[in-house]
Amino acid sequence: MNKVYITAAAAFAPSGTSVDEIFAGIALANSATARLESFNVDHFPVSHGGEVRHDGEVVLTPAGTDRKSFFIEQAVGQVIEMSDLSRYAPEKRQIHLGTGIDYFDIENYVNSSRALTGEWQADCAHSHLAVKRLAEKYDLKGGQSANVAACVASTQSIGLACRIVRSDPATAVVSGGYDSMLCHLHYLGFYKLGALSDWTGDPSQACRPFDKNRRGLVLGEGAVAFLLESSAKAVPERILAEICGYSSTMDAWLVTDPDPSGEQLARAALQAISEAGITPDQIDCVHLHGTGTHKNAPAEASAMKRIFSDRYAEIPVYSMKGQIGHLIGACGAMEILAVIWSMQNGKVPVTVNYDEPDPEVGLNVIRGRPLDLDIKYVLKLNAAFGGQNTAIVMRRFDA
Amino acid sequence: MKTVFERYRPDEEIPARDCLNKRKLAKYFNREISACVVVVSHLLADEEIPAQTPFYFGKGTVEYEDFGLSSVVESCVDESGRFSQQNFVERGMSSLSPLTQFKVLYNMPLSFIAIDRGLVGDNSIIYGSAAGLLLQAKHCDFPGRMLLGASKVHADAVIEVGFALCERREITTETFMRQDCEAIELFRLWHSGSAT
């Protein structure tokens, strides 16, 4: 059967503006969340987040910039530059990215005459137009989409890309995700929802996945682009990892909470594991969604019990969100970088800010130092506000 | 292929509550979500669909807002008519309900329909593009019918919603793959019988 490989990656994250810098951050397990700097957060009830940083400094953009589109345009440009797409006819090149809701510059709108007439469109950047621009710029004529399934948008995009490459080995797909909720309206919209961490101490400790004292999520931002190619076309020296299983399900539970039984998240995982042609016993570690909210951790623990039975408390798990925050429409794609790091380095990373185990969760969350482990298969889980779930199984590539 | 396509005027009542199995959900809805709930109920009125039915949805480019932007703007100007950060935080955002976010997030039509109808299968929500929605459908490997939907709220607040229950073989994608149009256009044409 035709295999699907990731053969190129570029990313802009709170922990760095290159894959190497992001990998170094994962190894060091240092937090990249802090008080926000890229827009004015004076008077905000909470003000921490994960902004894209280069060498530790927040990457600042002109006021009114749609930061998620700004970063994805650079990430895709880098992936195109490092890949030889001339091997593919334009009709065999596609782009499928996950993203979030439209950027809106409320300050500029209020200060303009447009606010008097209600003409707000000029201050709005539609998320999907970045995909369209990139498709046109790089001659990606085979198909395009912008998935907006909240926290599983980018993993659903990668899942679609995987299906496309598997069904047509002559096609290459640029996939990944880009999002930033770090602007006035979106940030406080999440605050109003009651989802944001109300941690009052050091902002770098505000996101605490699976920790007993977790206080909610911390919003982040970023963009990541991958190139997916088939085993028929991929150059072995460029292969980073294989995507060998994908599935998506819906909880059909509550719009506000994940299903505490984890039933559909587990079903997605088992379907992805089956598609990979393996059994749960062959999964070496799990990179979880791990938002740092009260309800996420027990729901994922329930799913883990369903997937791994008695092994659920032993299999090492990890969440990247303690380090960089929640990238919403880009989170899963960014977290796939951590999966690649795990497989390439034979280590399960430390979940940042996991200090005190929660007995009601009972997962083997790695802390202190990365766990050395021969890692061949990793299960990546994500779950969205609204009840959508994704599972991706990745296999180490041994040349 | 079974399709339903409906259009709602800005002042037209949309009886979503009457179409829900879980009526309490209606408190989260804006008019777009309400219209989606009503139209899908019309499509599935005499249908039993498996819980595993795949569900793919196309969200139209946002041209209209009804979450209360004007009230936020009114609240956050200072005495000189300029944006005031303090007023924005203390008065502007206070004017919004915590439920506003449910009306803003783009995956909500799909999520609410899935919750109300117990749909747990493969899914996705695509922003803006008919071709993107069709690519999802084309790569669906479910052996039975799938549920496809799209909505669009136009700048004049007219809402259009379309849903279809179909098998993959019933969809010819080539025409739309080459066109730059919104997903709702598919349903308008399918409903008029102009394209499959």
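Computed over heavy atoms, backbone and side chain alike; hydrogens, waters and symmetry mates excluded. Please read all numbers here as calculations on a predicted model, not as lab measurements. Letters go in sequence order (proteins before strands), and every chain restarts at 1.
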Structural part of A:Asn147 lying under 4.5 Å from a heavy atom of chain B: both
Between A:Phe104 and chain B, which part of the residue has a heavy atom less than 4.5 Å away: side chain, backbone, both or neither? side chain
What part of B:Ser124 is in contact with chain A, defined as an atom under 4.5 angstrom from a non-hydrogen atom: side chain, backbone, both or neither? both
Could you list which of residues 262-270 of chain A have a heavy atom closer than 4.5 Å to any heavy atom of chain B, in residue-number order? A:Gln264, A:Arg267
Side chain, backbone, both or neither: which part of A:Val41 has an atom under 4.5 Å from a heavy atom of chain B? backbone
Between A:Gln388 and B:Ser111, is there a donor-acceptor pair closer than 3.5 Å when you use the side chain of the first and the backbone of the second? no
Can you tell me if B:Lys59 uses its side chain to pair, donor with acceptor, with the backbone of A:Val148 under 3.5 Å? no
Between B:Phe88 and A:Phe44, how do the two ring planes meet: parallel, tilted or perpendicular, split at 30° and 60°? tilted
Any donor-acceptor pair under 3.5 Å linking the side chain of B:Gln85 with the backbone of A:Asn40? yes
Structural part of B:Gln52 lying under 4.5 Å from a heavy atom of chain A: side chain
Let's test your reading of the structure: which of B:Ile115, B:Asn123, B:Asp116, B:Asp141 forms the most heavy-atom pairs below 4.5 Å with chain A? B:Asn123
Check whether B:Val104 gets within reach of chain A through its side chain, its backbone, both or neither, counting any heavy atom under 4.5 Å. both
Heavy-atom distances under 4.5 Å only: say whether B:Met93 touches chain A with side chain, backbone, both or neither. both
Nearest 0.5 angstrom please: B:Glu90 CD to A:His43 NE2, how far? 6.5 Å
Does A:Lys192 NZ have over 12 foreign heavy atoms under 6.0 Å away? yes
Name the region of B:Ser84, side chain, backbone, both or neither, that has any atom closer than 4.5 Å to a heavy atom of chain A. neither
Per-residue contact mode, A:Ser247 against chain B (heavy atom under 4.5 angstrom): neither
Answer with side chain, backbone, both or neither: which region of B:Phe57 has an atom nearer than 4.5 Å to a non-hydrogen atom of chain A? neither
For the rings on A:His128 and B:Tyr106, is their centre-to-centre separation under 6.0 Å? no
With a 4.5 Å cut-off on heavy-atom pairs, point out which of A:Gly194, A:Gly189, A:Ser145 contacts chain B the most. A:Gly189
Nearest-0.5 Å distance that lies between atom CG in B:Leu135 and atom CG in A:Leu160: 6.0 Å
Which bit of A:Tyr109 is near chain B, if near means a heavy-atom gap under 4.5 Å: side chain, backbone, both or neither? side chain
For chain A, which candidate among B:Val77, B:Ile113, B:Leu96 shows the most heavy-atom pairs at distances under 4.5 Å? B:Leu96
Residue from A:Ala153, A:Ala149, A:Ala384 scoring the most non-hydrogen pairs under 4.5 Å with chain B is A:Ala149
Closest non-hydrogen atoms of B:Val89 and A:Leu188, given as atom of the first, atom of the second and distance, are CG2-CD1, 4.2 Å
Pick from A:Thr256, A:Leu129, A:Thr99, A:Ile106: which one has the most heavy-atom pairs with chain B under 4.5 Å? A:Ile106
Between A:Arg163 and B:Asp122, does any NZ, NE, NH1 or NH2 come within less than 4.0 Å of an OD or OE carboxylate oxygen? yes
Are side-chain N/O atoms of B:His139 and A:Ser167 paired as donor and acceptor at under 3.5 Å? yes
Sort A:Lys141 into side chain, backbone, both or neither according to what part of it lies under 4.5 angstrom from a heavy atom of chain B. neither
Under 4.5 Å from any heavy atom of chain B - which part of A:His96: side chain
Most contacts with chain A, counted as non-hydrogen pairs under 4.5 angstrom, among B:Ser129, B:Ala114, B:Ser94, B:Gly121: B:Gly121
Closest non-hydrogen atom pair, A:Gly386 against B:Asn107: CA-ND2, 4.5 Å
Counting only non-hydrogen atoms closer than 4.5 Å, does A:Leu185 touch chain B with its backbone (N, CA, C, O), its side chain (CB onward), both, or neither? both
Looking at A:His126, A:Arg166, A:His186, which makes the most heavy-atom pairs under 4.5 Å with chain B? A:His126
Interatomic distance, B:Leu105 atom CG to A:Leu193 atom CG [nearest 0.5 angstrom]: 7.5 Å
Got more than 12 heavy atoms from elsewhere within 6.0 Å of NZ, A:Lys137? no
